[in-house]
Amino acid sequence: MNSMSELPRKSRDLDHLMEQNSTELDFLSAYGGSSSEGDGAALFSALRRFLKAGNVVTSLNKKETSMTFPFGKASIEDNGCLMTFKGKNLPLVTSDLQQAGFTQGKLTKTRTSCKVIMVEWGIEQRRFVERMVEYLNHGE
């Protein structure tokens, strides 16, 4: 009987440990996540569909490995999808380009251009792109 009564206690300990580590991992993911590589073609395709849904006019190159749009460009890379946005006074800070799902982010000091490789297509990436579209596509 003792071994049966210990089982729930161990289960609670494991649940507590998992909950504690999950919280810590979520906290750490805000600083760049653990993955630095993604499927460039799939990410590029998701970005293109997202831009199209937002009524952003895109133009593909012949090989369909890069596209341009009125305020930037994107291309398929070995480790993800490289995005570049250009505009006046971009509503960004460096940490926006260092969040989970992004790698190698760079924002110019004048905040007129940014580059980042997207390695995941999650809510943070969609919010980021949506923010850029809303800010830069207002004149379209």
Side-chain angles (χ1 to χ4, degrees):
M1 229 6 165
N2 280 348
S3 64
M4 297 271 282
S5 64
E6 289 176 16
L7 188 60
R9 178 182 158 98
K10 287 181 182 176
S11 177
R12 279 194 304 268
D13 289 345
L14 179 60
D15 288 344
H16 176 72
L17 183 62
M18 288 173 62
E19 181 179 295
Q20 179 184 1
N21 286 332
S22 173
T23 301
E24 289 171 9
L25 291 174
D26 288 346
F27 174 77
L28 291 173
S29 72
Y31 293 95
S34 56
S35 175
S36 63
E37 294 203 8
D39 180 345
L43 293 164
F44 179 83
S45 179
L47 175 63
R48 184 164 181 250
R49 285 190 307 271
F50 192 76
L51 290 172
K52 188 175 181 179
N55 295 317
V56 176
V57 176
T58 61
S59 176
L60 281 176
N61 71 344
K62 284 188 179 189
K63 294 182 181 178
E64 297 189 1
T65 57
S66 68
M67 69 178 150
T68 58
F69 38 94
F71 47 88
K73 59 186 176 179
S75 61
I76 298 171
E77 302 295 324
D78 289 340
N79 60 333
C81 177
L82 173 64
M83 301 183 300
T84 303
F85 294 99
K86 294 180 187 287
K88 291 183 179 178
N89 200 26
L90 294 177
L92 298 172
V93 293
T94 303
S95 62
D96 290 324
L97 305 173
Q98 296 172 341
Q99 60 189 329
F102 292 129
T103 187
Q104 300 177 26
K106 290 184 173 63
L107 176 65
T108 59
K109 286 184 181 182
T110 57
R111 291 187 15 224
T112 56
S113 176
C114 75
K115 281 185 179 184
V116 67
I117 296 177
M118 181 171 51
V119 295
E120 294 175 15
W121 183 247
I123 189 72
E124 293 304 320
Q125 290 71 39
R126 289 191 296 275
R127 281 185 189 150
F128 176 85
V129 173
E130 186 175 48
R131 199 163 91 195
M132 293 293 93
V133 169
E134 286 175 4
Y135 184 78
L136 298 167
N137 203 35
H138 61 274
E140 293 299 307

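Side chains included, hydrogens not; waters and symmetry mates left out as well; all remaining heavy atoms used.
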Undergrad: If a pair satisfies salt bridge (Lys or Arg N to Asp or Glu O under 4.0 Å) and one of its residues is in residues 67-76, list it, with sequence neighbours excluded.
TA: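 Matches after skipping sequence neighbours: none remain.
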Undergrad: With F128 as reference, evaluate E130, M132, R126 under the side chain to side chain contact (heavy atoms under 4.5 Å, CB included) test and give the passing residue.
TA: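 Of the listed options, the one satisfying the test is M132.
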Undergrad: Kindly compute the distance separating CZ (F102) from SG (C81), expressed to the nearest 0.5 Å.
TA: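 F102 atom CZ to C81 atom SG measures 10.0 Å (nearest 0.5 Å).
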Undergrad: Any salt bridge (Lys or Arg N to Asp or Glu O under 4.0 Å) pairs touching residues 84-98, not counting sequence neighbours?
TA: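 Checked against salt bridge (Lys or Arg N to Asp or Glu O under 4.0 Å) - neighbours excluded - the pairs reaching residues 84-98 are D96-R131.
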Undergrad: Which atom pair, heavy atoms only, marks the closest approach of L90 to C114?
TA: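 In this case the closest contact between L90 and C114 is CD1-N, 3.9 Å.
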Undergrad: When rounded to the nearest 0.5 angstrom, what distance separates CG in L97 from OG1 in T103?
TA: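 Going from CG on L97 over to OG1 on T103, the span is 11.0 Å.
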Undergrad: When you compare the side chain of W121 with that of L43, does any pair of heavy atoms fall below 4.5 Å?
TA: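 A side-chain contact exists here, since the closest heavy-atom pair is under 4.5 Å.
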Undergrad: What pairs with R127 under salt bridge (Lys or Arg N to Asp or Glu O under 4.0 Å), at least two apart in sequence or on another chain?
TA: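 Once residues adjacent in sequence are excluded, the partners of R127 under the salt bridge (Lys or Arg N to Asp or Glu O under 4.0 Å) criterion are E124.
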Undergrad: List the atom pairs, with distances to 0.1 Å, where a side-chain N or O of residues 57-64 and a protein N or O form a donor-acceptor pair under 3.5 Å, not counting sequence neighbours.
TA:
from : atom 1 : to  : atom 2 : distance (Å)
N61  : OD1    : E64 : N      : 2.8
N61  : OD1    : T65 : N      : 2.8
N61  : OD1    : S66 : N      : 3.2
N61  : ND2    : T65 : OG1    : 3.2
N61  : ND2    : S66 : OG     : 3.2

Undergrad: Show the nearest heavy-atom pair for residues I76 and A41, with the distance to one decimal.
TA: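 In terms of heavy atoms, the two residues are closest at CG2-N, 3.6 Å.
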Undergrad: With under 30° as parallel and over 60° as perpendicular, where do the rings of F85 and F71 fit, or are they tilted in between?
TA: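 Answer is parallel, since the angle falls under 30°.
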Undergrad: How long is the straight-line distance from CZ of F69 back to OG1 of T84, given to the nearest 0.5 Å?
TA: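 With rounding to 0.5 Å, OG1 (T84) is 7.5 Å from CZ (F69).
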Undergrad: Going by the rule side chain to side chain contact (heavy atoms under 4.5 Å, CB included), which residues pair with Y135 if we only count those two or more places apart in sequence or in a different chain?
TA: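 Once residues adjacent in sequence are excluded, the partners of Y135 under the side chain to side chain contact (heavy atoms under 4.5 Å, CB included) criterion are N89, P91.
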Undergrad: As an exercise, state the distance from CD of Q125 to CE of M83, rounded to the nearest 0.5 Å.
TA: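 Taking CD in Q125 and CE in M83, the distance rounds to 7.5 Å.
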Undergrad: Would you check, one step at a time, whether the test side-chain contact (heavy atoms from CB on, under 4.5 Å) holds for L107 with V116?
TA: CA-CA 9 Å; L107 176 65; V116 67; over 6 Å; no
Undergrad: Quick one: are V133 and N55 in side-chain contact, heavy atoms under 4.5 Å?
TA: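 The answer is no, as the side chains (C-beta and beyond) never meet within the 4.5 Å cut-off.
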Undergrad: NZ of K106 to OG of S113: how many Å apart, nearest 0.5 Å?
TA: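 So the NZ of K106 and the OG of S113 are separated by 11.5 Å.
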Undergrad: Is there any salt bridge (Lys or Arg N to Asp or Glu O under 4.0 Å) pair reaching into residues 40-50, and which pairs are they, with sequence neighbours excluded?
TA: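 Passing the test, one end in residues 40-50: no pairs.
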